[in-house]
Amino acid sequence: MPRRAKRYATRGTFASYATSAALALTLAGALTACTGSSGPDDGGDGKQGSSSASPSAAAPGKYDTLPEPCGTVAVSQLREMLPGAAAAEEEGTPAPSDSASPYEGEASVTYDTDRRVGCRWKSATTLSTRHLAVDFERVVSYDPAVSDDEQAERLYAKKARKAGIAVTSEGSASGSPSGKTPEGHASPTDKKGSSDEGGDKGGSQDPEGETEESASPTPDEDLAPRALDDIGDAAYVDDSLHTADSGLHRDITLVFRKANVIATVEYDQWVTDKHRIPDSHELQEKARELAEQLAGRFEED
């Protein structure tokens, strides 16, 4: 009897060892499976946050501030573009407020002056009323793969296409097709009208600086909406003549881009006499002179 009991005890011990070994192997396999499954996640799956998948951020824009808009236009330039302002200043006419000079302008209301600013001026004579506005927008890209300059280039191209200006693959405007003028825009025949530059254009001058008729443009003069050279990184001008209102008005819009800033010059002239069409050449020339001046300020920064 003692021998048989000892044999049974030995068999029980072996069974216990076998059970323990099997349990250990099972636990080891489970740990190996867990460890193996974590490998691909740690190796980078292209999701945001993994070091191997995150692209390098695009360079920030050149300009991180905007100029004070009402101080960007020189008084000498305002005198040329707003013929009625000088008379208003001499007579003490309040514009735009009771204490302001007509050359001080009125700042545009914007929600974020760090991103967008603007200023407006107005002058009136017995013959016409003129409005001038400048606007500066600092473009910021929220896509880390797109730089601020690239985003500004896209926004500029969108504005140009909306104005009917063709845009090249490089993002610069290329002008209207030759011989085609968008409806309602300037054409070489729309040149009869007022001017502030007086008798050197062959018109009789009003005492307040307006003339009754300006000289006709040369046949090869291109006044249609088009791209402009040598203003910022890219520029275009749009010219629209409106006749459906109580009076005539011609609107000039000149847009240029400098790095990540888009600047817009809006210059218009309103007349009540529909026989006196505002002079496209004169208005475009003055808008361009101002745009060149503003672009030069950015070059200095």
Side-chain angles (χ1 to χ4, degrees), residues 56-78 81 103-121 131-175 225-239 251-268 283-301:
S56 57
K62 178 179 180 180
Y63 303 103
D64 57 6
T65 60
L66 291 172
E68 195 286 308
C70 294
T72 56
V73 185
V75 173
S76 58
Q77 188 74 35
L78 291 172
M81 301 183 75
Y103 300 118
E104 288 186 13
E106 181 180 0
S108 303
V109 178
T110 61
Y111 293 102
D112 186 356
T113 55
D114 185 54
R115 292 284 303 277
R116 189 165 194 168
V117 295
C119 192
R120 302 187 302 272
W121 295 264
H131 302 88
L132 171 65
V134 295
D135 178 271
F136 302 99
E137 180 179 2
R138 185 174 65 87
V139 180
V140 176
S141 172
Y142 293 101
D143 185 345
V146 179
S147 69
D148 294 345
D149 289 14
E150 291 172 333
Q151 184 64 21
E153 185 176 327
R154 294 177 182 180
L155 181 58
Y156 168 83
K158 182 178 180 180
K159 289 177 177 287
R161 284 191 291 265
K162 187 176 180 180
I165 312 266
V167 179
T168 64
S169 58
E170 291 78 14
S172 60
S174 61
R226 65 198 182 281
L228 299 175
D229 299 325
D230 304 324
I231 301 180
D233 297 324
Y236 72 84
V237 63
D238 190 18
D239 186 327
D251 303 338
I252 307 297
T253 302
L254 195 156
V255 180
F256 72 86
R257 180 182 68 84
K258 184 63 180 177
N260 63 314
V261 172
I262 295 179
T264 303
V265 175
E266 295 179 333
Y267 186 38
D268 63 61
L283 296 177
Q284 284 195 30
E285 183 178 24
K286 290 183 177 180
R288 178 163 185 160
E289 289 175 357
L290 175 56
E292 291 174 346
Q293 173 191 324
L294 297 177
R297 293 176 67 97
F298 283 99
E299 293 286 353
E300 297 171 358
D301 294 341

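Residue numbers start at 1 and run along the sequence shown.
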(Q) side chain to side chain contact (heavy atoms under 4.5 Å, CB included) for Ile231 and Leu294? Distances and angles first, verdict last. (A) CA-CA 9 Å; Ile231 301 180; Leu294 297 177; over 6 Å; no

Identify the heavy atoms of [X] and [Y] that sit nearest to each other, and give their distance.
| X | Y | answer |
| --- | --- | --- |
| Ser108 | Cys119 | OG-N, 3.5 Å |
| Ser147 | Ala59 | CB-O, 3.4 Å |
| Leu66 | Phe136 | CD1-O, 3.7 Å |
| Lys286 | Gln77 | O-NE2, 3.8 Å |
| Leu254 | Ala291 | CD2-CB, 3.5 Å |
| Ala160 | Val167 | CB-CG2, 3.7 Å |

Exercise. Given the rule in the side chain to side chain contact (heavy atoms under 4.5 Å, CB included) test, do Asp238 and Ile252 qualify, once you have shown the distances and angles that lead to the verdict?
Worked result: CA-CA 6 Å; Asp238 190 18; Ile252 307 297; over 6 Å; no

Value rounded to 0.5 Å, distance of [atom1] in [X] from [atom2] in [Y]:
| X | Y | atom1 | atom2 | value |
| --- | --- | --- | --- | --- |
| Arg257 | Tyr236 | CZ | OH | 13.0 Å |
| Arg115 | Thr65 | CZ | OG1 | 13.5 Å |
| Glu137 | Asp135 | CD | CG | 7.0 Å |
| Leu283 | Asp239 | CG | CG | 7.5 Å |
| Leu228 | Asp230 | CG | CG | 9.5 Å |

Sub-4.5 Å side-chain heavy-atom contact between [X] and [Y]:
| X | Y | answer |
| --- | --- | --- |
| Met81 | Leu290 | yes |
| Tyr63 | Lys258 | yes |
| Lys162 | Lys158 | no |
| Lys159 | Ile262 | yes |

Has the side chain of [X] got a donor or acceptor atom that lies under 3.5 Å from a matching backbone atom of [Y]?
| X | Y | value |
| --- | --- | --- |
| Trp121 | Leu78 | no |
| Asp148 | Gly61 | yes |
| Thr110 | Val117 | no |
| Glu68 | Cys70 | yes |
| Gln293 | Thr72 | yes |

- [ ] Determine, using ring centers only, whether Phe256 and Tyr156 are less than 6.0 Å apart.
- [x] no

NZ/NE/NH1/NH2 to OD/OE distance under 4.0 Å, [X] and [Y]:
| X | Y | answer |
| --- | --- | --- |
| Asp149 | Lys62 | no |
| Glu150 | Arg154 | no |
| Arg120 | Glu266 | no |

Fill in: Donor on one side chain, acceptor on other, Arg226 and Gln284, under 3.5 Å
yes

Under the side chain to side chain contact (heavy atoms under 4.5 Å, CB included) rule, what do Phe298 and Val261 come out as? Steps first, then yes or no, please.
CA-CA 9 Å; Phe298 283 99; Val261 172; 3.7 Å; yes

Test salt bridge (Lys or Arg N to Asp or Glu O under 4.0 Å), reference Arg138, set Asp64, Asp112, Asp114, output is Asp114

Checking Val73 against Val134 for the side chain to side chain contact (heavy atoms under 4.5 Å, CB included) test, could you report, in this order, the C-alpha distance in whole Å, the side-chain angles of both residues, the deciding distance, and whether it holds?
CA-CA 9 Å; Val73 185; Val134 295; 4.2 Å; yes

